[in-house]
Peer 1: 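Structure provided below as structure tokens; questions to follow.
Hydrogens, waters and symmetry mates are skipped; everything else that's a heavy atom, side chains included, is used. A, B, ... follow the sequence lines: proteins, then strands. Residue 1 opens every chain.
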Amino acid sequence: MNNNLFVYNTLSRSKERFVPIHLNHAGMYVCGPTVYGDAHLGHARPAITFDLVFRYLLYLGYKVRYVRNITDVGHLENDADEGEDKIAKKARLEELEPMEVVQYFTDRYHDNIDRLNVKKPSIEPRASGHMIEQINMIREIFDAGFAYESNGSVYFDVEKYNKTNHYGILSGRVLEDLLSNTRDLESQDEKRNSFDFALWKKAQPEHIMRWPSPWSDGFPGWHLECSAMSSKYLGEQFDIHGGGMDLLFPHHESEIAQSTVCFHKAPARYWMHNNMITINGQKMGKSLGNFITLDELFAGTHHALEQAYSPMTIRFFILQAHYRSPLDFGNEALQAAEKGFNKLMKAMETLEKLVPGADSTSDIATLEAKCYEAMNDDFNSPIVIANLFEGVRIINSVYDKKESLTGADLEKLKALFKSFIIDILGLLPETDPTAGIQLVDDLMQVILEIRKNARTNKDWATSDKIRDELARVKISVKDTKDGASWSIE
RNA sequence: GGUAUCAUGGCCGAGCGGUUAGGCAACGGUCUGCAAAACCGUGUACAGCGGUUCGAGUCCGCUUGAUACCUCCA
């Protein structure tokens, strides 16, 4: 097993060799979406980033348990809403059952993510299905003396925790700074300190999503579900915890505090955070209202979009940047990704047509080594892609008979492309809507035959008319030495 | 105000003490009836100011600017 994989750990702010807790096994937990709205481009980033991690670990031979939750309860809208959670609010507005809303957006999330060819996680637990685990965890924290009850709600005592631990270890914060710098928030009277966070929140009478507990009818706090579900399915300590950078504080910080109190150890060894997708240099987010949903991207219906972008274009676009770098959305960049992706896919087709030569003019083994090196260096997909384009150059040159590869190297290159493009990067050829329709093939053959006759007679007007008319229906015809070929745009 | 992360050519984005990133766009060439594709070649770059070093986008300091988090957020 490859043990040269290095992972950037937010905890240490450096790349560390990946050593799993249990030999040949890897446990990974990633914070999933809150299902109260359609998934947007920002949601695609962690889904694809950790899909890449998942796929590469699998590829290396690890037995991976990948847990990605669905948050369907508990996130507070804001203080003014007095504990009404987002999902309940949406449900009341639309007069739907909360679980109806959850189901609707969960299904839509799955549809979008599936189209991006994101592998399904091993377990996808829902917060609402783990009330008992969450209540038990609160009880443990309570019994350990790190929680207090206030008016039916339960809060985590951050100040007390910080006496023996460092609350802020992940985000580089110091509690004293938090004390003096916390913004003024109203209605904090239930809490001893502004930075204490809720473990259990008492439900207001109008609040529909509620569960019984020893303290009140209510719902669990913001950070608890991840601690409860990750420990349930991955153990008290597991290998990788992932999520967006915006969750670093306070969400992940609080997870560490909860788990440390309950299990006396940090929940995860490696903390991985993907950066944000920006639009005009600003974070794309729900609250900012500047987001573009995946549906809109696929259909090209948002006003900021010059065209529709296919799921694979989006996936390629995201993989062309390193996951820890911010990625700026732009039509020009998306269009460049689209062209680059098509070039890569065409080369894959060409690769199948190559015939072996007597010797090799390019070093495929080195190319392969570079791809592994890039993946092992904190999942550097842009470098992998750059190397794959070197492979594209070789493929096209061999096809043009300007270079040659031996049969063995040809097989190596095919295996390399299959492994890295399909298995690891998860890029698939876009399905041609006419694929498998024999009639279309036959019709095209008839048309090109007529055109060929015209060309033989140097009847360029007819030849060009056929090509132009076909271009209007998005079929491009290209004349090569071996005759005309056609493809759907 | 605090914490963290950045600042790379027309655009998107890698890199990291000394060697071409890559994609898209642009220009020249090969091929071609023309076009497209493909291939070959070319250019433009590391925010500013100091410092360390034989040598710095690459390390250190300062300045300027940007973003994220400190309130739900991927």
Side-chain angles (χ1 to χ4, degrees), chain A residues 10 13 30-34 36-37 39-47 49-50 71 74-81 85-86 168 171-174 176-178 180-183 185 194-195 222 242-251 253 273-278 281-288 291 316-317 320-322 324-341 343-344 346-347 350 374 377 380-390 392-393 395-397 399-403 455 458 460 463-464 467-468 471 476-481 485 487:
Chain A
T10 307
R13 312 263 165 204
V30 173
C31 296
T34 304
Y36 67 105
H40 57 72
L41 188 54
H43 291 100
R45 177 96 112 142
T49 295
F50 294 104
T71 296
H75 282 190
L76 301 168
E77 181 84 338
N78 58 45
D79 282 44
D81 273 331
D85 83 31
K86 282 182 178 176
S171 55
R173 275 157 225 249
V174 179
E176 287 69 44
D177 293 340
L178 286 174
S180 51
N181 289 304
T182 307
R183 293 186 194 173
L185 298 168
S194 57
F195 43 73
W222 331 338
M245 270 182 182
D246 49 351
L247 298 177
L248 230 147
F249 188 94
H251 184 57
E253 205 70 74
H273 291 95
N274 64 273
N275 214 315
M276 302 291 104
I277 286 182
T278 57
Q282 206 181 27
K283 175 184 166 182
M284 183 179 285
K286 197 123 192 134
S287 40
L288 292 165
F291 61 93
F316 187 74
F317 172 68
Q320 254 190 323
H322 186 81
R324 282 190 288 113
S325 299
L327 174 59
D328 198 48
F329 161 86
N331 279 287
E332 230 184 316
L334 254 334
Q335 282 156 13
E338 183 178 54
K339 290 200 173 180
F341 173 70
K343 187 174 172 179
L344 195 59
K346 271 182 192 150
T350 308
D377 183 18
N380 200 327
S381 55
I383 296 288
V384 172
I385 291 171
N387 282 309
L388 290 172
F389 273 111
E390 170 63 14
V392 169
R393 211 212 82 242
I395 290 167
N396 288 325
S397 293
Y399 189 64
D400 277 5
K401 307 219 169 14
K402 285 174 181 154
E403 286 203 33
R455 287 167 59 78
K458 296 206 187 302
W460 307 125
S463 168
D464 289 350
R467 188 172 62 195
D468 293 346
S476 75
V477 174
K478 284 160 196 162
D479 296 308
T480 67
K481 288 173 197 126
S485 73
S487 59

Peer 1: Sticking with atom P, work out how far rG13(B) lies from rU67(B), rounded to a whole angstrom.
Peer 2: 15 Å

Peer 1: Judged by each residue's nearest nucleotide on RNA chain B, which is more toward the 5′ side, Lys346(A) or Pro33(A)?
Peer 2: Lys346(A)

Peer 1: Could you run through RNA chain B and flag its stems, i.e. three or more consecutive Watson-Crick or G-U pairs with both distances under 3.5 Å?
Peer 2: B:1-7 with B:64-70, B:10-12 with B:22-24, B:26-30 with B:38-42, B:47-51 with B:59-63

Peer 1: Whole Å only: how far is the CG atom of Leu248(A) from the P atom of rU5(B)?
Peer 2: 10 Å

Peer 1: Mark yes or no for a side-chain to base donor-acceptor pair under 3.5 Å between Arg173(A) and rA4(B), with no hydrogen or angle criteria applied.
Peer 2: no

Peer 1: Using a 4.0 Å heavy-atom cut-off across all strands, classify Gln282(A) as base, sugar-phosphate, or nothing.
Peer 2: sugar-phosphate

Peer 1: Please produce a list of atom pairs where a protein N or O lies less than 3.5 Å from an N or O of nucleotides 39-45 of chain B.
Peer 2:
residue, atom, partner, partner atom, Å
rC39(B), OP1, Asn396(A), ND2, 3.0
rC40(B), OP1, Arg393(A), NE, 2.6

Peer 1: Separation of Lys339(A) atom NZ from rC24(B) atom P, in whole Å?
Peer 2: 8 Å

Peer 1: Just to verify, which of Thr10(A), Asp246(A), Thr49(A) counts as forming a side-chain hydrogen bond (donor to acceptor under 3.5 Å, both in side chains) with His273(A)?
Peer 2: Thr10(A)

Peer 1: Could you give the distance separating rC46(B) and rU58(B) at their P atoms, to the nearest angstrom?
Peer 2: 11 Å

Peer 1: Phe316(A) vs Phe341(A) aromatic rings, parallel, tilted or perpendicular, using cut-offs 30° and 60°?
Peer 2: tilted

Peer 1: Could you tell me if the side chain of Ile383(A) sits less than 4.5 Å from the side chain of Asp377(A), heavy atoms only?
Peer 2: no

Peer 1: Without decimals, in angstroms, what is the distance between Phe195(A) CZ and rC69(B) C1'?
Peer 2: 17 Å

Peer 1: Given that Gly172(A) and Asn275(A) both sit by RNA chain B, which one's nearest nucleotide is further toward the 5' end?
Peer 2: Gly172(A)

Peer 1: Are the side chains of Arg45(A) and Asn275(A) in touch, meaning some heavy atoms are under 4.5 Å apart?
Peer 2: yes

Peer 1: rA4(B) P sits how many Å from Glu253(A) CD, rounded?
Peer 2: 12 Å

Peer 1: Take atom P in rG50(B) and the same atom in rU42(B), then report the distance between them in whole Å.
Peer 2: 34 Å

Peer 1: Going by 5.5 Å between centroids and 30° between planes, is there a stack of Phe389(A) over rG23(B)?
Peer 2: no

Peer 1: To the nearest angstrom, how far is Leu247(A) atom CG from rC73(B) atom P?
Peer 2: 6 Å

Peer 1: Between Met276(A) (CE) and rU5(B) (C1'), how many Å, whole number?
Peer 2: 12 Å

Peer 1: Any idea which heavy atoms bring Gly285(A) and Phe291(A) closest together, and the distance?
Peer 2: O-CD2, 3.5 Å

Peer 1: Can you check the distance between rA74(B) and rA68(B), where both ends of the measurement are the C1' atom (answer in whole Å)?
Peer 2: 13 Å

Peer 1: Between rA38(B) and rC6(B), how far apart are the two C1' atoms, rounded to whole Å?
Peer 2: 38 Å

Peer 1: Check whether any side-chain N or O of Lys478(A) sits under 4.0 Å from OP1 or OP2 of rU32(B), and answer yes or no.
Peer 2: no

Peer 1: Could you state the CD1-C1' distance from Ile385(A) to rC24(B), rounded to the nearest angstrom?
Peer 2: 14 Å

Peer 1: Which nucleotide in the list rA25(B), rA21(B), rG33(B) gets nearest to the side chain of Ala386(A)?
Peer 2: rA21(B)

Peer 1: Please write out the pairs of protein N or O atoms and N or O atoms of nucleotides 11-15 of chain B separated by less than 3.5 Å, giving the distance to one decimal.
Peer 2:
residue, atom, partner, partner atom, Å
rG13(B), OP1, Asp328(A), N, 2.7
rG13(B), O2', Gln320(A), O, 3.4
rA14(B), OP1, His322(A), N, 2.5
rA14(B), OP1, Ser325(A), OG, 2.9
rG15(B), OP1, Asn380(A), ND2, 3.0

Peer 1: Using atom C1' in both nucleotides, what's the gap between rG57(B) and rG18(B) to the nearest angstrom?
Peer 2: 14 Å

Peer 1: Roughly how many Å apart are rG10(B) and rA4(B), using the C1' atom of each and rounding to a whole number?
Peer 2: 32 Å

Peer 1: Mind checking the P distance from rA56(B) to rC60(B)? Whole angstroms is fine.
Peer 2: 15 Å

Peer 1: From the list rC24(B), rA74(B), rG33(B), which nucleotide is the closest neighbour of the side chain of Arg455(A)?
Peer 2: rG33(B)

Peer 1: Looking at every heavy atom in both Pro33(A) and His43(A), which two are closest together, and how far apart are they?
Peer 2: CB-CD2, 4.2 Å

Peer 1: Write down the distance between CE (Met245(A)) and C1' (rC70(B)), rounded to a whole number of angstrom.
Peer 2: 16 Å

Peer 1: Counting just side-chain N and O atoms, does Lys283(A) come under 4.0 Å of either OP1 or OP2 of rC69(B)?
Peer 2: yes

Peer 1: Which part of the nucleic acid, if any, lies within reach of Val30(A) when heavy atoms closer than 4.0 Å are counted: base, sugar-phosphate only, or nothing?
Peer 2: nothing

Peer 1: Would a distance-only check, ignoring hydrogens and angles, find a side-chain to backbone donor-acceptor pair under 3.5 Å from Gln320(A) to Ala337(A)?
Peer 2: no

Peer 1: Is rG57(B) syn or is it anti, if syn means the base angle is within 90 degrees of 0?
Peer 2: syn

